[in-house]
Amino acid sequence: MRKKHFMRAVIFALCAAFCFTGLTACKKEDPASTLYIDISNAGYGIDWLNPLEDLFEEDHPGIDVKIRDVVKNDANYLAKCLSGVADTDIFFLETSVLKHVETPVNANGVRYEHPFMDLTDFFHNEKIPGEDKTIAQKMRPEYLAFNTIDGKNYTFPWMESMMGFVMNKNVYQESWGKLPNTTDELFEFCDKVKADGYSPFIYSIDDPYYLDIYDLWMTQYHGMDDMAKFYDGYALSGKYEGERYIPQMFLDDGLYAALEVLDRLVNYDNGYQDKLSYTLSFTAAQNSFLENDSKVLFIATGTWMQREMDKNYSPEEINSEFVRMPVISALGDKLGITDEILSQIIDYADGAIAEPPVFTSSKGIDSQDVVAEVVAARKIVPSNHLHAAFIPSYSSKGDLAKEFIQLMASDRGIKAMLEEDQLKPPMQFNPLESGIEMSNFMKSVYRLANDSVFDIQAQGALFRKGGLALVNNQGYFTKSMGAANPN
């Protein structure tokens, strides 16, 4: 596929040159028979689109797919759509656009109440060609919930994007013992790593992915259902529990516990982060983690690391894999069990032991309920779930654009994406049973994904529109790290 698209680019360049010099006549682009795709070229690149382009053109004789990309161009592409004059038929952005769903757009003398085409009926009532499910039935439920607003769907999540802790297996030492199950065990484990002259973690203060994943610990503490209530504006703990849209909803036991773990993990004085974290770009920090002589055990990142590894390393140089993030120890306190019992229940959840431990909750909670809550917490993984594809309401080729999205959601399209770049949208499809060759790193990604729930909840109006948000700013992080004067 890549060779084919390289040759296509060469031929296009030669054709353009001949056209410019008047040496030959070239086929003029026909907008009416061209499906225009604009994509923000970032962590996942655009190569995964190439086989979809080929398949779509094979299925639609006379239709050309034109992919246009600009590096990290989300804001400009969104503005282009909202202008009402875009020729684009599908946009692919890597940031959420849901807060703009209710922004009216005027295009071609018509007022559209929503800038993005309503895909609700398309998602729920049209089966994917050649399959027995609709897009809504096939999509991972967490992603569908996030992309549903008041029962309507306007965006298609184009990438399943896991985040979390990646371990360099070449660095790991047996003397450190098994990987930590709980956050208390994490810090004990990190102390062993430090004692042997290694850095437990590295990251870049300019691009701290911890801010994208620490809320996993809050979700573990409360559970997915209660976190859905939080994102709908309800207080989950304290004397204001159950009240909606009040400042005190952020005086939350689970949020406080999660921030305590984050602060302890990244605080400069604790030495859990490699000192290069203060000076390196994220790419440089990631390369430092991956090098053969690396002395860094973990990095917080996402599955896009596969593409970045492909660009800089040969497969035999890489021996890294995703590992489950530890469960927050404060959950044990909440359930009335010790950290030791919490860890043993996690061993049971992981299949390391056949039966859960015998215990009595000091809070009087039934032991089966305790086990169920811990097992559920263990199965949650972080995700960058903001990747959004949408069709402008005023596109004249909306039906063609929908068919392209159906192709992406189909087994046929997913296999093509996997074969090209080992990536897929969040559709129910098991890459490990597809027979497609994948790196050990991506196998670790899909092993976790297949046995997990992504930390994604539907967003209430104030969260969706930006009126409320969890702590997620550089200033907080810089202060915690002591980066202003790390010496």
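Side chains are part of it too, since the values below use all heavy atoms of this structure and drop only hydrogens, waters and symmetry mates. Remember, predicted model here, so these are calculated numbers, not experimental data.
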Validate the cation-pi geometry between R140 and F454: distance from NZ or CZ to the six-membered ring centre under 6.0 Å, angle to the ring axis within 45°.
no
If we ignore angles and hydrogens, is there a donor and acceptor under 3.5 Å between the side chains of D191 and Y272?
yes
Less than 4.5 Å apart, any side-chain heavy atom of S199 and any of F298?
no
Please verify the inter-ring angle class for F92 with F404; under 30° counts as parallel, over 60° as perpendicular, anything in between as tilted.
perpendicular
Check each of P426, P141, S96 against F146 using the side chain to side chain contact (heavy atoms under 4.5 Å, CB included) test, and report the only one that passes.
S96
Going by atom types only, do Q306 and S439 share a side-chain donor-acceptor pair under 3.5 Å?
yes
Could you tell me whether K379 atom NZ has more than 12 heavy atoms of other residues or ligands within 6.0 Å of it?
yes
Assess the residue pair L262 and Y210 against the criterion (side chain to side chain contact (heavy atoms under 4.5 Å, CB included)); give the C-alpha distance rounded to whole Å, side-chain angles, the decisive distance to 0.1 Å, and a yes or no.
CA-CA 8 Å; L262 177 64; Y210 290 116; 3.7 Å; yes
Does a side-chain heavy-atom distance below 4.5 Å link E321 with N440?
no
Check the pair E102, K152 against salt bridge (charged side-chain N to carboxylate O under 4.0 Å, His left out), reporting the backbone distance first and the verdict last.
CA-CA 12 Å; E102 293 156 352; K152 297 285 189 177; over 6 Å; no
Does atom NZ of K275 have more than 12 heavy-atom neighbours from other groups under 6.0 Å away?
no
If you apply the rule salt bridge (charged side-chain N to carboxylate O under 4.0 Å, His left out), what do you find for D232 with K229, and how did you get there?
CA-CA 5 Å; D232 200 23; K229 296 176 184 176; over 6 Å; no
Going through the checks in order, is the side-chain hydrogen bond (donor to acceptor under 3.5 Å, both in side chains) test met by S314 and E317?
CA-CA 5 Å; S314 59; E317 291 181 288; 3.1 Å; yes
Heavy atoms, side chains only, cut-off 4.5 Å: are N181 and V327 in contact?
no
Side-chain contact, heavy-atom cut-off 4.5 Å: T183 with W217?
yes
Do Q344 and F359 come within less than 4.5 Å of each other through their side chains, counting heavy atoms only?
no
In the structure I gave you, are the side-chain heavy atoms of V171 and W176 within less than 4.5 Å of one another anywhere?
yes
Scan side-chain atoms only and decide if Q248 and E243 contain a donor-acceptor pair under the 3.5 Å cut-off.
no
Between D252 and H222, do the side chains contain an N or O donor and an N or O acceptor separated by less than 3.5 Å?
yes
Cut-off 3.5 Å, side chains only: do N73 and S40 have a donor facing an acceptor?
no
Assess whether side chain to side chain contact (heavy atoms under 4.5 Å, CB included) is satisfied between W48 and I39, documenting all intermediate values.
CA-CA 12 Å; W48 56 270; I39 179 169; 3.6 Å; yes
Do W158 and F390 have ring centres separated by under 6.0 Å?
no
State whether the number of non-hydrogen atoms from other residues, nucleotides or ligands found under 6.0 Å of K169 atom NZ is greater than 12.
no
If the plane angle is over 60° it's perpendicular, under 30° parallel, otherwise tilted; pick one for F441 and F322.
tilted
Output the distance between atom CD (E419) and atom CD1 (I436), rounded to the nearest 0.5 Å.
4.5 Å
Begin from the C-alpha positions of Y44 and T303 and carry the test side chain to side chain contact (heavy atoms under 4.5 Å, CB included) through to its verdict.
CA-CA 9 Å; Y44 289 110; T303 50; 2.5 Å; yes
